[in-house]
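The structure appears right after this line, and notes come after that.
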Amino acid sequence: MTYDITAVRAQFPALKAGSAHFDGPGGTQTPLPVIEAVSEALANPLANRGHITAGERNAEALVRSARQAMADLLGADPAAIVFGRSATALTYDFSRTLAKTWSPGDEVVVSRLDHDSNIRPWIQAAETVGATVRWADFDPATGELTPDDISARLGDRTRLVAVTAASNLIGTRPAIPEISRRVHAAGALLYVDGVHYAAHAHVDIRQLGADFLVCSPYKFLGPHLGVLASRPELLETLTPDKLLPSTNAVPERFEFGTLPYEFLAGTRAAVDFLATLDPDAEGSRRERLASAYAALERHEDTLRRRMDEGLAALGPVTVHSRAADRTPTLLLTIDGRDTTDACRHLAGRGVDAPSGSFYAVEASRRLGLGDTGGLRVGLAPYTSTEDVDRLLEALSDFLRTPAGHG
């Protein structure tokens, strides 16, 4: 199929403001169907979930449809879809719950490639129970985190490995299925940060071999929310701290307080919108999503190659995204220049590309960039060839501008 970027962009009201958005890794713009779904949910009766009043029934339907939508997106069982305030909050919740099963001397493996939300909760949970934290490093020259890097940190006392499926800083996509095989052979659980991955790749939690996978709908066109997928039988073995009257049923036992029903409506709508990216696709929503993500990856790969070639021609720009398998997210530094200045220069020309380490502070330090990081440029479903050309032109203009001038 031909990816109809014009039709896709027409669904995003925010694009009318005229900016070229390369800030998608921090949160995408929102399409009309998602906006309308949130509005419709709030415009109709809502109450705590139940089956008597219209408000209760509406809330129940919104929760069930959102669970099924996320199960279809992730290849998971809807009975093991947990909603939370954010991926960070969910990881903190599960780190505390899983730590109840650890003993002093047990080991947890974290990776320097990861966003801090998949590092610090595990370190703090390990400290609470006297467990040991072992670090897996990636190669800063290539950006690669290999299964061997993880295997080198596994032992008889390893209880959990936390690793990203795609770096939000440099895009690296580790070989999660092989990592999973080795982690499980060591008798440990695998907790995967899929926040950045789910925005660019068709997720299959079973194929990945993840015991837990978290993602954030606002990274793939939805509202601000966190989602965790697992297996019902695994969730049944875990006992979170919760209120006495709240249900002990799975997955609800892990959801604290009243769910944001309107955001669940938006999440379902975002999944449905993603499934339309290949208008020729047929079959179930899961099958249409597979076709849609294949179309999206082709579109983004084409733009990434154009961007790579344009950046290579600029000279003093260093691209730190070098892994063989990676998302269309690039981290740039510029010889002798501050990327915060570059960010401001680009913004003044209607090109949104932020500068920083984006909570991947361990990865930034490993790359030799300290806590400062660099300029992050990320593609999204609505990114066009014209956007890429505007970015390259604005960067070229910045390089011609003397330091200290806008």
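A quick note: this is a predicted structure, and the numbers were derived from the prediction, not measured. Just so it is clear, the values below take in all heavy atoms, side chains as well, and ignore hydrogens, waters and symmetry mates.
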Within a strict 4.5 Å, meaning less than it, do heavy atoms of the [X] and [Y] side chains meet?
X: Asp149; Y: Trp135; answer: no
X: Val133; Y: Val110; answer: yes
X: His345; Y: Thr401; answer: yes
X: Ser103; Y: Asp106; answer: yes
X: Asp341; Y: Ile334; answer: no
X: Asp278; Y: Arg288; answer: no
X: Leu169; Y: Ser364; answer: yes
X: Tyr191; Y: Val161; answer: no

Cut-off 3.5 Å, side chains only: do Ser355 and Thr339 have a donor facing an acceptor?
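Judged by distance alone, the side chains do pair up.
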Taking atom types as modelled, find out whether His196 and Thr329 have a side-chain donor-acceptor pair closer than 3.5 angstrom.
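Yes, side-chain donor-acceptor contact under 3.5 Å.
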Regarding [X] and [Y], does a basic nitrogen lie under 4.0 Å from an acidic carboxylate oxygen?
X: Glu178; Y: Arg182; result: yes
X: Glu362; Y: Arg120; result: yes
X: Arg67; Y: Glu252; result: yes
X: Asp241; Y: Arg96; result: no
X: Glu107; Y: Arg157; result: no
X: Arg305; Y: Glu309; result: no

Give the table of side-chain donor-acceptor pairs shorter than 3.5 Å for residues 263-271, with sequence neighbours excluded, one pair per line with atom names and distance.
unit_1, atom_1, unit_2, atom_2, d
Thr267, OG1, Phe263, O, 2.9

Can you measure from [atom1] ([X]) to [atom2] ([Y]) and round to the nearest 0.5 angstrom?
X: Thr333; Y: Leu369; atom1: OG1; atom2: CG; value: 6.0 Å
X: Ser321; Y: Leu332; atom1: OG; atom2: CG; value: 7.5 Å
X: Thr28; Y: Leu221; atom1: OG1; atom2: CG; value: 4.5 Å
X: Met307; Y: Leu330; atom1: CE; atom2: CG; value: 4.0 Å
X: Arg112; Y: Asp137; atom1: CZ; atom2: CG; value: 5.0 Å

Using the salt bridge (Lys or Arg N to Asp or Glu O under 4.0 Å) rule, take Glu393 and Arg400 through it: C-alpha gap first, then chi angles, then the decisive distance, then the call.
CA-CA 11 Å; Glu393 182 180 348; Arg400 293 191 300 268; over 6 Å; no
Show the numbers, then the answer: is there a ring pair (Phe, Tyr, Trp, His ring centres under 6.0 Å) between Phe12 and Phe273?
CA-CA 11 Å; Phe12 290 84; Phe273 182 84; 5.8 Å; yes
Does the [X] side chain pair with the main chain of [Y], one donor and one acceptor, at a distance under 3.5 Å?
X: Arg286; Y: Leu73; result: yes
X: Asp72; Y: Arg285; result: no
X: Arg159; Y: Leu189; result: no
X: Glu255; Y: Phe83; result: yes
X: Thr247; Y: Ala249; result: yes
X: Arg253; Y: Asn248; result: yes

Residue pair Phe254, Phe94: steps toward the ring pair (Phe, Tyr, Trp, His ring centres under 6.0 Å) verdict:
CA-CA 9 Å; Phe254 301 97; Phe94 274 81; 5.0 Å; yes
Using the salt bridge (charged side-chain N to carboxylate O under 4.0 Å, His left out) rule, collect all pairs that involve residues 213-231, keeping only residues at least two apart or in two chains.
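Pairs touching residues 213-231 that pass the test: Asp211-Arg231, Arg231-Glu233.
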Which heavy atom of [X] sits nearest a heavy atom of [Y], and at what distance?
X: Leu113; Y: Pro174; result: CD2-CG, 3.8 Å
X: Arg337; Y: Leu399; result: NH1-O, 4.1 Å
X: Gly356; Y: Leu331; result: O-CD1, 4.4 Å
X: Ala136; Y: Ile150; result: CB-CD1, 3.7 Å
X: Leu296; Y: Ala199; result: CD2-O, 3.9 Å

Report the residue from Leu190, Ile176, Ile179 that forms a side-chain contact (heavy atoms from CB on, under 4.5 Å) with Leu208.
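Only match with Leu208 under side-chain contact (heavy atoms from CB on, under 4.5 Å): Ile176.
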Contacts table for residues 372-384: side-chain donor-acceptor under 3.5 angstrom, sequence neighbours left out:
unit_1, atom_1, unit_2, atom_2, d
Arg376, NH1, Asn168, O, 3.0
Tyr382, OH, Gln29, N, 3.0
Thr383, OG1, Ala380, N, 2.9
Thr383, OG1, Ala380, O, 3.2
Ser384, OG, Glu386, N, 3.4
Ser384, OG, Glu386, OE1, 3.4
Ser384, OG, Asp387, N, 3.1
Ser384, OG, Asp387, OD2, 3.4

Tell me whether the rings of Tyr293 and His202 are parallel (<30°), tilted (30 to 60°) or perpendicular (>60°).
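Plane angle between 30° and 60°, so tilted.
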